[in-house]
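It should be emphasised that the depicted structure is a prediction, and the values quoted were computed from it without experimental measurement. Quick note: residue numbers are just sequence positions, from 1.
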Amino acid sequence: MNAIQHPSSAATPPAGDEPFEAVRSRLDNYLKSELVPLEKSLSIGYEDQFERSLIHGIWRRCRELGFYGAQLPRQLGGLGLTIEQHCLLKEDAAASGAILFPHVLGDWGGPSRIGSLVKYLTPEQKSHYLDPVVAGEKGICFAMTEPQSGSDAASIQTRAVRDGDHYIVNGHKHFITASTFADAAILMCVTDPDAGSQGISALFVDLNALGVRLDFDCIPMSCQFVDADIIFENVRVPVSHLIGEEGQGFRIAMNRINTNRLLHCPTMLGLARQAYEHALAYAQQRKQFGGAISRFQAIQHMLADMATNLYACEHMILATARAADAGQDVRTEASMCKLFVSERCFDIADKAVQIHGNVGVTHNHPVEFIFRRLRMYRVVTGTSEIQRNTIAKGILDK
């Protein structure tokens, strides 16, 4: 049951020759008629470790259906979706109840990690890294965060020292999303320690290279095996793996992060919508004191607040996406979305747990898992405090 209607996207241009609503309908059918039944047949749980063969199979299937990397331009094999359309598909995927939904559009290890770098890539880099990722044949991750460098991205310590036709890389990357599914990393590293943020460069590093290893000591509160630390010990990386020019890495990273902050929001919203729908159904089915608990004003007020927050978050995201599609600088607005949506969606999950009572605090019940997952989003991709800094700077600069 869903008391909230999606905003109409009828005014949005179709993706290629297929109307966008048809793409959206096909995605819904795949998620509910194929992916969710597959997960149930395999008894897949939220905290399972997944075989690469399973993940690669989902990548290839979604590539066949046109979902995997759908946001990419058509010349790169995508559907040329607008940011607004991409947000709507991401929300739909997250709200579907599928456990493996982040793999459908390529968020975990797929085109979302590399698509924004197209303009910097050499033909060799495109054929060796971009094309296999877009085809669902290889995975990739974005490695910037370090144990002592989180919000202060310019303070990274991983070094790449030039040695002839190679760089020698040493360092430790922490909590790198999708590293468990990746064959290569887009590595942010220091090539000129005296140049500050202008001394940071970006390299492609193959994760099977000598001296590279993954460490799984830090498991997030979601207990999903998606993130890992990556250790680099005297790793030789060809100079031809440099992305763009030396010193461009920080700018490349910041350009990606600004859009990425917005694109995390529909995932949060989809998860919150799922929690709301569980709570709404439970409130109408759960009987106490001779009737459904939905008749109690305390429950009604929680549901009203949840529905209001969903409405506000969705329209805030789509308004920002439309501005980005129009070519506007949405750095401040993207941070506003990340701040507001992460906090309001967590509040929705919290109320869903409360409505479910003891059921809601049962380990791995959907609303309990969503509660844990959404709590993480107030930290990842920039904490709420960092978003407030960015917003304050934006409004004061104006």
Side-chain angles (χ1 to χ4, degrees), residues 1-4 6 31-32 36 39-40 43-48 90-102 219-227 264-314 316-317 337-381 383-385 387:
M1 278 173 278
N2 185 358
I4 305 295
H6 286 285
L31 291 164
K32 295 178 180 176
V36 171
E39 293 175 350
K40 289 181 178 177
S43 299
I44 286 175
Y46 294 111
E47 300 176 7
D48 290 346
K90 284 173 68 73
E91 182 192 345
D92 289 347
S96 68
I99 293 171
L100 297 173
F101 77 86
I219 298 175
M221 64 190 296
S222 67
C223 294
Q224 291 182 295
F225 289 85
V226 177
D227 316 277
H264 271 306
C265 294
T267 298
M268 302 177 216
L269 181 61
L271 289 169
R273 184 178 296 282
Q274 188 186 153
Y276 163 78
E277 290 174 356
H278 279 293
L280 182 60
Y282 187 81
Q284 293 170 320
Q285 296 163 7
R286 172 67 167 163
K287 301 294 192 298
Q288 288 285 282
F289 304 105
I293 63 173
S294 60
R295 76 186 194 281
F296 298 134
Q297 191 177 63
I299 301 295
Q300 293 173 1
H301 283 185
M302 283 192 278
L303 289 170
D305 287 344
M306 294 162 78
T308 301
N309 281 331
L310 285 173
Y311 183 81
C313 288
E314 181 144 31
M316 186 180 195
I317 292 167
C337 286
K338 173 62 170 62
L339 170 65
F340 186 83
V341 174
S342 66
E343 297 198 347
R344 297 286 69 75
C345 285
F346 177 70
D347 185 61
I348 291 168
D350 184 57
K351 285 182 168 59
V353 169
Q354 196 72 14
I355 289 171
H356 279 79
N358 69 323
V359 175
V361 294
T362 302
H363 186 58
N364 276 335
H365 184 279
V367 297
E368 185 271 343
F369 171 77
I370 291 170
F371 175 91
R372 285 185 281 138
R373 180 83 182 273
L374 285 173
R375 182 60 184 89
M376 291 173 58
Y377 275 112
R378 290 169 60 192
V379 174
V380 298
T381 321
T383 63
S384 292
E385 291 68 34
Q387 305 313 318

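Considering all non-hydrogen atoms of both residues, S222 and R372 come closest at O-NH1, 3.2 Å. Heavy atoms only, all atoms of each residue included: I99 and G45 are closest at CD1-C, 3.8 Å. For the residue pair A349 and I370, the shortest heavy atom distance occurs at CB-CG2, 4.3 Å. Contact detail for A98 and L31: the closest heavy-atom pair is CB-CD2, 4.4 Å. Here the closest non-hydrogen pair linking M306 and A279 is CE-CB, 3.9 Å. N364 approaches Y46 most closely through the heavy-atom pair O-CE1, 3.4 Å.
Under the 4.5 Å side-chain criterion, counting only non-hydrogen atoms from C-beta, E368 is not in contact with T362. With a 4.5 Å cut-off on side-chain heavy atoms, V359 and V367 do not count as touching. Contact annotation: the side chain of T267 approaches that of F101 to within less than 4.5 Å [non-hydrogen atoms, C-beta and beyond]. Within the 4.5 Å cutoff, the side chain of Q274 has heavy atoms near those of the L271 side chain. Proximity of C313 to M316: side-chain heavy atoms (C-beta onward) are nowhere separated by under 4.5 Å.
When atom types are taken as modelled, the side chain of Q300 and the backbone of S294 share a donor-acceptor pair closer than 3.5 angstrom.
For the side chain to side chain donor-acceptor pair (under 3.5 Å) test, no residue two or more places apart in sequence or in another chain qualifies with E39. Looking at residues two or more places apart in sequence or on another chain, you find a ring-ring contact (aromatic ring centres under 6.0 Å, His included) between H365 and H356.
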Without placing hydrogens or testing angles, list every side-chain donor-acceptor pair under 3.5 Å for residues 337-346, not counting sequence neighbours.
from	atom 1	to	atom 2	distance (Å)
K338	NZ	Y377	O	2.6
K338	NZ	V380	O	3.0
K338	NZ	G382	O	3.0
S342	OG	K338	O	2.7
S342	OG	L339	O	3.1
E343	OE1	R388	NH2	3.4
E343	OE2	S384	OG	3.0

